[in-house]
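One structure is given below, encoded as structure tokens.
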Amino acid sequence: MSVVLHVDLDALAANLAEIRRRVAPALHMLVVKDDAYGHGLEPVVQRAWTEGVKWFGAFDVRTGYIVRAALGPEARIFVWMVGSIDEVRDALDEDLDIGVGDVGLLEDIATARRPAAARVHLKIDTGLHRNGVRPEEWPAFVARAAQLEHDGAIEVVGVWSHIAEASEADDDDARDAFDAALSVARDAGLRPSMRHLAASAAAFDRPEFRYDAVRVGAFAYGIRPAGGPDETALGIRPIARLSASVIETDPVVRIDATSLHGLPSSLGGRVTLGSPSGPRRLIALDTTGGSIEGEGASLVGEEITVYGPSGDGAGSATTLAEAVGTIGEEIALRLSPLVPRVYSD
Ligand SMILES: *Cc1c(COP(=O)(O)O)cnc(C)c1O
């Protein structure tokens with residue numbers, strides 16, 4: 001196993017504690033889409049559950065299923081990508097909370113009716129134009145939801161939206177739109193107990209965006225925003241360290257990067273990797289391997305840190321991302337699923 005992603009579940013637990021401390025009394029819904037941002041869904045949700053996380057943001061129904069199977073009936077699992085009426089039925093059978101951003105889905109949920117009221121979270125479009133009900137259609141939408149709730153088909157557990165977290169002014173506008181939508185929903189007779197708007201950045205920085213719950217993914221995994229505050233300032237740390245071994249030292253020092261093919265080759269020449277003898281510059285990276293140079297001898301088999309918590313000279317996933325103009329999530333997510341994930345706690 002010469003390329004390995006080492007996932008430190010104690011570091012996850014520490015990040016979860018910091019998130020809880022920062023956002024309380026709002027609840028933390030841990031976002032676990034994309035295989036828990038590439039860290040491995042089941043170990044992550046199991047540890048988070050042990051640490052007291054009760055809500056999980058799964059994105060799709062399939063992920064929701066895996067979380068349900070891992071955690072049992074008490075976990076609250078939120079999905080917001082539900083494509084067909086079959087998926088609606090599957091989601092209801094597994095008691096998933098469904099994010100509803102259009103009236104067609106609301107009607108499908110009513111049609112797929114189960115004995116227990118379906119738990120739904122109504123989504124208002126606050127400006128991102130990504131699957132949400134437009135403000136002009138919102139009054140009719142919440143009126144229909146109130147009727148279905150009255151009939152016992154659904155329970156409106158939440159009202160939610162998503163913000164870009166790129167500009168404070170845009171986020172403020174989105175929050176105004178969110179508050180307006182909440183008041184229209186209230187006038188329609190709805191009493192959602194879960195109002196949620198913020199992801200990582202706004203959850204940490206802007207108390208007025210926290211409402212009843214925040215949906216935090218990146219910071220739980222210790223992925224800081226590109227160009228933003230560092231991990232120390234945020235009080236989090238990366239939970240994963242990607243290592244590769246030296247496979248050749250003559251004429252150049254090469255690391256095995258055959259299963260790093262998810263990483264952009266443009267990292268070559270732009271980043272420093274960590275080694276027992278200190279930082280080493282990555283000269284080139286391609287599908288057959290990477291060449292590195294630095295002070296001191298390298299031995300075949302020596303473990304090189306490609307990214308991870310600071311310590312041996314390597315940067316974090318976001319440090320790599322910044323070198324090639326992207327975000328840390330993209331580095332974490334593009335790592336091949338073939339790379340073994342090894343867990344410690
Ligand atoms: C991914 C996602 C989040 C989490 O965002 P982070 O910045 O990773 O915390 C929250 N809400 C929605 C709708 C998302 O898709």
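The structure displayed is predicted, hence computed values, not measured ones. For ligands, and for the atoms within them, numbers begin at 1 and follow the listed sequence.
No side-chain N or O of H39 forms a donor-acceptor pair with one of R341 less than 3.5 Å apart. Side chain to side chain, D256 and S245 fail the donor-acceptor criterion of an N or O pair below 3.5 Å.
One hydrophobic cluster, built from ILVMFWY side chains closer than 4.5 Å, holds both L122 and V88.
Per-residue contacts place K33 under 4.0 angstrom from the following atoms of ligand 1 (heavy atoms of the residue considered): 1 (C), 2 (C), 3 (C), 14 (C), 15 (O). When each atom of ligand 1 is checked for a heavy atom of A218 under 4.0 Å away, the hits are 6 (P), 8 (O), 9 (O). With ligand atoms numbered from 1 in the order given, ligand 1 contributes 4 (C), 6 (P), 8 (O), 9 (O) to contacts under 4.0 Å with heavy atoms of G217. Heavy-atom proximity to V216, at under 4.0 Å, picks out these atoms of ligand 1: 9 (O).
The protein atom (non-hydrogen) at minimum distance from atom 5 (O) of ligand 1 is A199 CB, 3.4 Å. Protein heavy atom in closest approach to atom 9 (O) of ligand 1: S200 OG, 2.6 Å. Nearest non-hydrogen protein atom to atom 12 (C) of ligand 1 is H162 CE1, 3.4 Å.
Under a 4.0 Å heavy-atom criterion, Y37 is in contact with ligand 1.
Among E329, R130, R215, the residue whose heavy atom lies nearest to atom 11 (N) of ligand 1 is R215.
Distances between N or O atoms of E165 and those of ligand 1 include no value under 3.5 Å.
Using the six-membered ring where Trp is involved, H121 and W55 have ring planes that are perpendicular, over 60° apart on the 30 and 60° scheme.
Contacts between F59 and ligand 1 below 4.0 angstrom, taking non-hydrogen atoms only, are absent altogether.
For the pair K54 and W49, the cation sits on the ring face: its NZ or CZ lies under 6.0 Å from the ring centre, inside 45° of the axis.
Atom CD1 in I19 sits 7.0 Å away from atom CG in L30 (nearest 0.5 Å). To the nearest 0.5 Å, atoms CD1 (I247) and CD1 (I255) are separated by 8.5 Å.
Within the 4.5 Å cutoff, the side chain of V100 has no heavy atoms near those of the V82 side chain.
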